[in-house]
2 protein chains.
Amino acid sequence: MLQANNIHHLREVTSVALLGPEPNCLQALFRKQPVEHFAAGQTLFFEGDIAKHLFEVVEGSLRIFKIISDGRRVITGFLHGGDIVGVSLKSHYLYSAEAIVDTRIRRFSRKAFEAEVASCPELRPEVFARLCDEMAAAQDQMVLLSRKSAEERVCTFLLKQMPCEPGERGYNAVVDLPMTRLDIADYLGLTIETVSRTMTKLAQKGIVCPAGRHAVRIMKYGLLVQLSGDGEYFGDERGQIAYAGANRH
Amino acid sequence: MLQANNIHHLREVTSVALLGPEPNCLQALFRKQPVEHFAAGQTLFFEGDIAKHLFEVVEGSLRIFKIISDGRRVITGFLHGGDIVGVSLKSHYLYSAEAIVDTRIRRFSRKAFEAEVASCPELRPEVFARLCDEMAAAQDQMVLLSRKSAEERVCTFLLKQMPCEPGERGYNAVVDLPMTRLDIADYLGLTIETVSRTMTKLAQKGIVCPAGRHAVRIMKYGLLVQLSGDGEYFGDERGQIAYAGANRH
DNA sequence: CGAAGGCTTGACCGCTATCAAAGCACGTGG
DNA sequence: CCACGTGCTTTGATAGCGGTCAAGCCTTCG
């Protein structure tokens, strides 16, 4: 899975922004393919299946997950419009993929994709860059799952789901959450109850404001960053945030 | 004195034996480079540094880690002889790397590496394969950190550290653990106390047998697989089981 | 309007973290 | 060779975060 948008890596966002108009970019390959429709809940492929295709999400959202022995589910990522699934695959899918909401995708044969990349050197940097972004996201997720508290996880998650145009950041940005609480829980390594309680707590503190079941408004961006456990590197010149005293319980 | 790591030495010899005859493999690139020595505890590079080099571990072990805000450390991986650090890097290192024991490495400029890969198409499948393996390992780690109990984590870890020649598996394989308990804890998302207690419990059950501070003998491989939470799920009591199909990727 | 599924809230419990101290291995120097 | 110090590991006691179980509420849809 690949997420084109990651607010934690501004350098990369910049390069992604350049991809749209570029004629020789990965998305251009998909543009010729017909658009397919998947209803909410429908499965694109299962973990372990032979990896015949790559997919580009045109519109909508996917969840990427693994199931272990006694039914426990781990969501390793969410994909949205512009993301491409399957660049990091060899012979078999490493995970299953389902549509969260009604979703339109384009599909590309893996064999043809490899041929295109082999014959078209300009594509290789982008393939490589997407793999690296995917790797960086996986490592951030390991940090989250390994050492962050429930509150830090939820705050990190909300920040990651924010629209990432710089102008949109800061106060009153509305974050869309198409997935269910169970999806969020399985992504953050928590239970639905803990996700729910943490959201409530953030709302009570006035940091976020619930806007329907599948969206929240960010009221205090700076506090959210603080509580996410990510933003406190000393000597780093990111002047936009005024840090008040963090209350650690 | 640093322990003579027989197992890791074997590991290196084996992989070299397999890859050695291959003229166009990644390790062949490194072979021309001089061998450097890093003492136990020494740092190869820091997270955030400009990524000037890739490294091949010739002999010894490295830990790869990130530090977050208030000093919490997350070890995202251990590397041993034959492994290559930095294939998934763009401009900056995503993590820091330190030698766990006295370690010999070879270094290769990233620029030269990219040039070699660009000019030598036979290398690309191996680069790609290593990236995919790294990605698969990261996903398995996410599953571990997200949903596994302390016992499952430790069992999974021990299995992963086992020498992987099929003949060596099963009873009485000795697993070398050059890293400290703190390293293991920071890798598994636990504390040293929990790691220690879990090891003791496994020893009391007769599943493993401590062999000095930095090694354990695997006494009941099948049970270890069962307890790792990865293999098939058996509700009934089957005791020691055959381990067919335990690892599939 | 009622059923169903998702979400929130509450009570309680257990796993693992935390705090603390004792045990061990190993190197150093007398 | 032994005494001693240091750092790592083990073991024990306690506490707290988040999981589990159980209602109750809200939204959607037939």
Side-chain angles (χ1 to χ4, degrees), chain A residues 39-41 63 70-74 100-102 144-157 177-205 208-216 227 229 247-249, chain B residues 1-4 39-41 63 70-75 100-102 144-157 177-205 208-216 227 229:
Chain A
R63 59 181 162 244
D70 50 355
R72 286 171 285 187
R73 183 180 73 158
V74 176
I100 291 175
V101 295
D102 286 16
L144 181 146
L145 294 169
S146 189
R147 289 284 177 237
K148 286 189 178 178
S149 69
E151 185 172 77
E152 289 174 321
R153 293 182 198 205
V154 172
C155 291
T156 305
F157 173 71
L177 302 174
M179 66 293 290
T180 67
R181 291 291 188 268
L182 183 57
D183 287 335
I184 298 175
D186 285 348
Y187 179 59
L188 297 181
L190 300 169
T191 59
I192 44 176
E193 292 95 333
T194 299
V195 170
S196 185
R197 275 187 255 269
T198 307
M199 288 284 203
T200 303
K201 206 168 58 177
L202 291 178
Q204 283 168 349
K205 290 187 191 175
V208 302
C209 178
R213 188 170 277 183
H214 287 293
V216 291
L227 293 177
N247 43 2
R248 222 162 252 302
H249 14 261
Chain B
M1 230 6 281
L2 44 142
Q3 57 245 350
R63 57 180 162 246
D70 50 353
R72 288 171 284 186
R73 184 180 72 159
V74 176
I75 292 187
I100 291 175
V101 295
D102 287 16
L144 180 146
L145 295 169
S146 190
R147 288 284 178 237
K148 287 189 178 179
S149 69
E151 185 172 79
E152 288 173 323
R153 292 182 198 206
V154 171
C155 291
T156 304
F157 173 70
L177 303 174
M179 66 293 289
T180 67
R181 291 290 188 269
L182 184 58
D183 289 333
I184 298 175
D186 284 349
Y187 180 60
L188 298 180
L190 300 169
T191 59
I192 44 175
E193 293 94 333
T194 300
V195 171
S196 186
R197 277 187 253 270
T198 307
M199 288 283 203
T200 303
K201 207 167 59 176
L202 291 179
Q204 282 167 349
K205 290 188 191 174
V208 302
C209 178
R213 188 169 278 184
H214 287 292
V216 290
L227 293 176

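No hydrogens, no waters, no symmetry mates; every other heavy atom, side chains included, goes into these values. Remember, it's a predicted structure, so these values are computed and weren't measured experimentally. Residue numbering restarts at 1 for every chain, and letters A, B, ... go by the order of the sequence lines.
- Residues passing the side chain to side chain donor-acceptor pair (under 3.5 Å) test with B:Arg213, sequence neighbours excluded: none.
- When the C1' atoms of four end pairs are superposed on the next four at each end of the helix from C:dC1-D:dG30 to C:dG30-D:dC1, using five pairs per end, the two resulting axes differ in direction by 30°, to 10°.
- Protein atom CG of B:Leu188 is 18 Å distant from nucleotide atom P of C:dC15, rounded to whole Å.
- In this structure, B:Arg147 atom CZ and D:dG19 atom P are separated by 7 Å, rounded to whole Å.
- Going from atom CG of A:Leu177 over to atom P of C:dC7 covers 11 Å, rounded to whole Å.
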- List the steps, then state whether side-chain contact (heavy atoms from CB on, under 4.5 Å) holds for A:Met199 with A:Leu177. CA-CA 12 Å; A:Met199 288 284 203; A:Leu177 302 174; 4.0 Å; yes
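- Residue B:Gly212 is out of contact with every strand shown, counting any heavy-atom pair closer than 4.0 Å.
- Legend: residues meeting salt bridge (Lys or Arg N to Asp or Glu O under 4.0 Å) with A:Arg181, ordered by chain and number and at least two apart, are absent.
- Residues B:Arg153 and B:Ile184 have side chains not in contact (no heavy-atom distance under 4.5 Å, counting atoms from C-beta outward).
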Between protein and nucleic acid, restricted to nucleotides 28-30 of chain D and to nitrogen or oxygen atoms under 3.5 Å apart, what atom pairs and distances do you find?
none

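- Contacts of A:Arg147 classified as salt bridge (Lys or Arg N to Asp or Glu O under 4.0 Å), with partners at least two apart in sequence or in another chain: B:Asp186.
- Between A:Leu190 and A:Thr198, every side-chain heavy-atom pair lies at or beyond the 4.5 Å cut-off.
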- Item | Under 4.0 Å protein heavy-atom contact, by nucleotide of nucleotides 4-10 of chain D - B base, S sugar-phosphate only | ----BSB
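- Across the protein-nucleic acid pair, A:Gln204 atom CD and C:dT9 atom C1' stand 11 Å apart, rounded to whole Å.
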- Can B:Val216 and B:Leu202 be said to form a side-chain contact (heavy atoms from CB on, under 4.5 Å), step by step? CA-CA 11 Å; B:Val216 290; B:Leu202 291 179; over 6 Å; no
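- In this structure, A:Asp186 places its CG atom 14 Å from C1' of C:dG6, rounding to the nearest Å.
- If you take NZ of B:Lys148 and C1' of D:dG18, they are 21 Å apart, rounded to a whole angstrom.
- Note: B:Thr156 OG1 to B:Glu151 CD = 10.0 Å, rounded to the nearest 0.5 Å.
- Applying the side chain to side chain contact (heavy atoms under 4.5 Å, CB included) test between A:Ser146 and each of B:Ile75, B:Val74, B:Leu188 identifies B:Val74 as the sole match.
- In this entry the distance linking CG of A:Leu202 with C1' of C:dT8 reads 15 Å, nearest Å.
- Residue B:Thr191 places none of its side-chain N or O atoms closer than 4.0 Å to OP1 or OP2 of C:dT16.
- Of all heavy-atom pairs between A:Lys148 and A:Glu152, the closest is CA-OE1, 3.3 Å.
- If you take CG of A:Leu144 and P of D:dG18, they are 12 Å apart, rounded to a whole angstrom.
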